[in-house]
Amino acid sequence: MISKGATRNSNSRRVKFARRFVSALLHMRNRNPRPGSLSIEGVRTKSQRIKIAAYLSMAHAVGSRRAWSRAVLSKLGSRARRHMSRMGRSSLGSLKKKRVIRSYSPGELGQAKKLRQLVPGGKTMDICSLLEETAHYITCLATQVKVMQTLADNFSK
């Protein structure tokens, strides 16, 4: 049973994600206003930017309350800093990765190890936190799909 508060949080997350994602798409379109024929590499680059915008928008909509959103923001932030330093601009600083040494129980090695690879930031979580973050991450991905489907439906008319 879903409580009223959970529905409200889900809807507000959806609205926050949609606003930020549409804003990112408009920013991409304004940076390159000519939608002429793109090469295969151009299409690949554009789809990668849309994917990054979707992940970044969802992570910002959730905020820093969740470990997976902090991991996404950290990863994309460090990617942006590397890109800026390659372009000759000053670097914004470097992030130091936290290395966690853990021992796995024999039963955990299989499925939990795979799950740790799928959930952003999962490598540093204990199994209980991993399952909780996975559940939240899946609901956020479902929200992402719904919003993107709605956008595609509205713009295809």
Is there a chain of hydrophobic side chains (I, L, V, M, F, W, Y, each step under 4.5 Å between heavy atoms) that links [X] to [Y]?
{"X": "V145", "Y": "L141", "value": "no"}
{"X": "Y55", "Y": "L26", "value": "yes"}
{"X": "L115", "Y": "I138", "value": "no"}
{"X": "L131", "Y": "W68", "value": "yes"}
{"X": "M28", "Y": "F17", "value": "yes"}

Minimum side-chain heavy-atom gap R65-H136 below 4.5 Å: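 Answer no - side chains too far apart.
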pair R70-L73: side-chain heavy atoms closer than 4.5 Å: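 R70 vs L73: side chains apart.
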To the nearest 0.5 Å, tell me how far [X] [atom1] sits from [Y] [atom2].
{"X": "T134", "Y": "M125", "atom1": "OG1", "atom2": "CE", "value": "7.0 Å"}
{"X": "I52", "Y": "S57", "atom1": "CD1", "atom2": "OG", "value": "11.5 Å"}
{"X": "K123", "Y": "L130", "atom1": "NZ", "atom2": "CG", "value": "12.0 Å"}

Is the side chain of T150 donor-acceptor paired with the backbone N or O of K146 at a distance under 3.5 Å, no angle test?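 Between the backbone of K146 and the side chain of T150 there is a qualifying donor-acceptor contact (under 3.5 Å).
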Do any N or O atoms from the side chain of T124 and from the backbone of G121 form a donor-acceptor pair under 3.5 angstrom?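 Yes, the answer is positive, given that a donor and an acceptor are paired below the 3.5 Å cut-off.
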Residue pair [X] / [Y]: nearest heavy atoms and the distance that separates them:
{"X": "G122", "Y": "R116", "value": "O-NH1, 3.1 Å"}
{"X": "Y137", "Y": "L118", "value": "CE2-O, 4.0 Å"}
{"X": "A54", "Y": "M148", "value": "CB-CE, 4.1 Å"}
{"X": "S64", "Y": "S69", "value": "CA-OG, 4.1 Å"}
{"X": "V147", "Y": "R14", "value": "CG2-CG, 3.3 Å"}
{"X": "R20", "Y": "L56", "value": "CD-O, 4.4 Å"}

Quick one: do F21 and M58 satisfy side-chain contact (heavy atoms from CB on, under 4.5 Å)? Show the steps, please. CA-CA 8 Å; F21 184 59; M58 184 53 75; over 6 Å; no
Quick one: list whatever passes salt bridge (charged side-chain N to carboxylate O under 4.0 Å, His left out) with R44, sequence neighbours left out.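 With sequence neighbours excluded, R44 shows a salt bridge (charged side-chain N to carboxylate O under 4.0 Å, His left out) to E41, given in chain and number order.
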Who passes salt bridge (charged side-chain N to carboxylate O under 4.0 Å, His left out) against R66, sequence neighbours left out?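 R66: salt bridge (charged side-chain N to carboxylate O under 4.0 Å, His left out) contacts with E132, E133.
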For Q149, which residues count as a side chain to side chain contact (heavy atoms under 4.5 Å, CB included) partner, sequence neighbours excluded?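 For Q149, the residues satisfying side chain to side chain contact (heavy atoms under 4.5 Å, CB included) (neighbours in sequence not counted) are D153.
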